[in-house]
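Notes for the one structure printed next.
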Amino acid sequence: MCGLVGVVTGKDVGVCLYDALTVLQHRGQDAAGIMTSDGGKLNLRKDNGLVKDVFRTRHMRRLTGQMGIGHVRYPTAGSSSPALAQPFYVNSPYGLSLVHNGNLTNTKELLRDLFKEDLRHINTDSDSEALLNVFAHELQRRNKVKATPEDVFAAVAGVHNRCRGGFACVVMIAGYGLVGFRDRNGIRPLVFGSREGENGKEYMLSSESVALDSQGFTVERDVAPGEAVFIDVKGNFHSQLCTEPGEHTPCIFEHVYFARPDSLMDSISVYKARLRMGERLADKLLRQRPDHDIDVVIPIPDTSRTSALELANRLGIKYREGFVKNRYIGRTFIMPGQSQRRKSVKQKLNAIELEFRGKNVLLVDDSIVRGTTCQQIIQMAREAGANKVYFASAAPAIRYPNVYGIDMPSASELIAAGKTDEEIEKAIGADWLIYQDLDDLVATASEGNPAIKKFECSVFNGEYITGDVDEIYLRRLENTRNDNAKKSKKKKSSQHKEQNLVSDFQNDS
């Protein structure tokens with residue numbers, strides 16, 4: 001899961017992009033990048049690290065121009081190197097750069113076709129670079145000295161014809177404008193807004209509405225599934241549906257964990273959805289254990305706070321903050337590598353003993369993925385003197401890999417895969433475990449926008465909306481994206497990857 005932003009204004013956009021990326025930092029902590037266009041000249045800064053570390057004053061002085069794009073990266077494929085930081089760039093046609101959130105499900109086929117048929121050089125095995133080159137090839141086919149909005153929309157249509165999976169993208173065309181587009185099912189989020197500038201209307205595209213809010217842009221609407229919007233350098237807005245849209249199925253995990261609570265996604269308030277998660281979970285708890293002996297509800301900071309507070313209110317039980325968080329440690333779920341996650345839990349949280357001593361505690365988290373975090377936190381609660389430790393998850397059990405941009409690719413690393421709730425309860429060391437029901441979770445989001453009837457819930461039910469994910473695909477994903485495979489990948493240089501890729505294609509021919 002990554003964060004992206006694109007801006008067209010009447011003045012230098014570097015600081016605006018920087019500030020927007022800091023607001024989106026929760027979406028990715030591995031790398032950050034900004035590219036601006038100044039009268040056709042492109043300026044780029046990207047590297048591994050947090051936004052505040054990647055960009056220094058000397059970098060910001062060079063990021064001049066009235067148009068630009070930015071990205072914070074979360075490595076779903078596990079690889080982490082400056083070469084994989086975004087934006088990606090190709091010089092032909094016109095000079096194109098791209099930021100991308102999501103995962104393509106046919107990357108291997110695309111890389112083969114780009115090499116053998118389109119005759120394009122791909123420097124990494126990134127699906128984002130493949131997507132950019134597909135767009136570049138489709139735009140080049142128009143064979144125009146100067147591109148028109150119609151040419152841009154035709155190129156996006158070509159992308160939809162060739163690319164499958166979940167994606168939201170912003171492409172900057174040097175000297176022309178920005179184009180934003182979203183997959184035909186709207187799995188990954190993309191919103192745009194505007195504000196009045198000195199020289200007319202200015203626009204921003206972003207993964208979340210909170211980035212627009214922070215920079216004084218008013219949300220216009222979400223980019224529709226299969227739609228592309230194009231804003232030229234003069235601030236003229238164009239939009240067109242570039243493919244037959246599928247059923248609108250946004251990712252439910254945005255509301256569970258990824259998005260900031262002050263964001264609107266597909267017109268749904270993330271904050272209110274999380275409140276409703278707490279309500280529904282409390283109702284289930286009362287059905288299962290009407291005579292419970294819970295003394296206090298304690299959230300595992302930060303994402304679960306909203307749900308935990310409403311759950312406590314519904315139960316009529318005290319809500320207390322029992323853990324103090326070190327805010328200088330990143331989100332453990334999106335850290336690469338299981339050993340790093342284990343280490344980070346202890347660094348991130350410390351228990352307040354007086355809230356646990358002699359009490360029956362209900363800990364509330366947004367979800368349980370690998371089980372690493374909750375297992376250690378339950379132990380911390382016991383060490384702080386808790387009498388009993390119950391555990392509630394605002395989301396259902398995660399039993400299946402994700403293929404659309406969330407780092408849950410290996411079923412063997414998911415604690416709930418192939419286990420009953422009782423087995424998971426024992427594995428994490430809880431006295432009792434309760435999960436949200438899937439129907440209730442979907443209802444918490446759809447209540448915010450009744451027009452959306454279905455959500456992308458594959459990690460809970462194993463149903464992949466794009467229809468191209470089978471057991472063979474999942475086994476291949478398991479072999480290439482588990483933690484051991486990620487460690488092996490890190491040892492390879494970008495040059496070695498490139499040589500292997502070229503060799504594979506030559507052997508295929």
Side-chain angles (χ1 to χ4, degrees), residues 255-257 261 271-325 345 349 351-369 371-399 415-416 419-445 447 460:
H255 298 278
V256 172
Y257 175 81
Y271 175 74
K272 288 189 176 181
R274 289 177 184 167
L275 284 177
R276 291 189 285 266
M277 289 176 202
E279 292 175 355
R280 297 267 180 163
L281 192 54
D283 291 343
K284 179 178 179 180
L285 189 152
L286 289 172
R287 289 195 303 270
Q288 290 193 356
R289 293 203 173 184
D291 300 321
H292 67 80
D293 58 354
I294 301 167
D295 297 315
V296 62
V297 173
I298 294 178
I300 297 173
D302 284 316
T303 320
S304 65
R305 279 195 171 108
T306 309
S307 298
L309 179 59
E310 194 61 18
L311 181 147
N313 289 338
R314 196 85 157 190
L315 296 180
I317 296 173
K318 287 187 298 184
Y319 169 93
R320 290 291 185 267
E321 293 286 343
F323 295 102
V324 175
K325 181 178 179 182
V345 173
L349 294 176
I352 302 175
E353 185 175 318
L354 64 87
E355 295 296 351
F356 292 91
R357 180 68 57 190
K359 297 176 183 177
N360 297 332
V361 178
L362 175 65
L363 301 181
V364 181
D365 206 353
D366 52 77
S367 59
I368 305 172
V369 183
T372 308
T373 302
C374 63
Q375 187 178 28
Q376 291 186 64
I377 290 174
I378 289 170
Q379 183 59 35
M380 289 170 63
R382 294 197 189 281
E383 291 171 358
N387 182 33
K388 293 181 181 177
V389 182
Y390 307 129
F391 203 94
S393 169
I398 297 171
R399 304 184 189 278
I415 192 168
K419 292 188 180 74
T420 64
D421 289 0
E422 290 73 21
E423 288 171 331
I424 303 166
E425 178 181 289
K426 184 177 180 180
I428 65 176
D431 292 298
W432 181 50
L433 169 65
I434 181 169
Y435 278 111
Q436 184 88 261
D437 289 335
L438 182 55
D439 288 346
D440 284 339
L441 177 64
V442 170
T444 64
E447 189 175 326
F460 305 121

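Here the structure is a predicted model, which means the values were calculated and not measured. The residues of the chain are indexed from 1 along the displayed sequence.
When all heavy atoms are compared, the tightest approach of Q375 to A427 is NE2-O, 3.1 Å. Closest heavy-atom contact between Y319 and A312: CB-CB, 3.8 Å. Nearest heavy atoms, M380 versus L349: CE-O, 3.4 Å. Heavy atoms only, all atoms of each residue included: F460 and A397 are closest at CD2-O, 3.5 Å.
Ion pairing between a basic and an acidic side chain is recognised when a charged N comes within 4.0 Å of a carboxylate O; D440 and K284 show no such pairing. Classification of R276 and E310 as a salt-bridged pair fails, no side-chain N sitting under 4.0 Å from a carboxylate O. With salt bridges taken as basic N to acidic carboxylate O contacts below 4.0 Å, one links D302 and R305.
Note that the CD1 atom of I298 and the CG atom of D365 stand 13.0 Å from one another [nearest 0.5 Å]. Here L362 contributes atom CG and I434 contributes atom CD1; the two are 8.5 Å apart, rounded to the nearest 0.5 Å. One finds the CD1 atom of I428 at 4.5 Å from the CD1 atom of I368 (value rounded to the nearest 0.5 Å). To the nearest 0.5 Å, the span separating CZ on F323 from CD on E355 amounts to 11.0 Å. Rounding to the nearest 0.5 angstrom, the gap separating the CG atom in L286 from the CG atom in D291 is 10.0 Å. Atom CG of L433 is separated from atom CD1 of I378 by 8.0 Å, given to the nearest 0.5 angstrom.
Atom NZ of K272 is surrounded by 12 or fewer heavy atoms from other residues, nucleotides or ligands within 6.0 Å.
Under the 4.5 Å side-chain criterion, counting only non-hydrogen atoms from C-beta, M277 is not in contact with V364. Between H292 and I317 there is a side-chain heavy-atom pair separated by less than 4.5 Å. Under the 4.5 Å side-chain criterion, counting only non-hydrogen atoms from C-beta, W432 is not in contact with N360. The side-chain heavy atoms of R314 and V297, taken from C-beta on, include no pair separated by under 4.5 Å. For the pair S367 and I398, the minimum side-chain heavy-atom distance is below 4.5 Å. The side-chain heavy atoms of V389 and I377, taken from C-beta on, include no pair separated by under 4.5 Å. A heavy-atom distance below 4.5 Å is not found between the side chains of Q436 and S393. Side-chain contact between Y435 and L441 is absent, with no heavy-atom pair separated by less than 4.5 Å.
Under the 3.5 Å distance criterion, the side-chain polar atoms of R399 are matched with a main-chain donor or acceptor of K419. For R274 (side chain) and H255 (main-chain N/O), a donor-acceptor pair under 3.5 Å exists by modelled atom type.
Residues passing the side-chain hydrogen bond (donor to acceptor under 3.5 Å, both in side chains) test with R320: none are found, sequence neighbours excluded. Every residue meeting the side-chain hydrogen bond (donor to acceptor under 3.5 Å, both in side chains) condition with Y390, not counting sequence neighbours, appears here in chain and number order: D293. Remark: R357 pairs with E353 by the side-chain hydrogen bond (donor to acceptor under 3.5 Å, both in side chains) rule, at least two apart or across chains.
Checking each of D283, T306, L281 against L311 for a side chain to side chain contact (heavy atoms under 4.5 Å, CB included) leaves exactly one that passes, namely L281.
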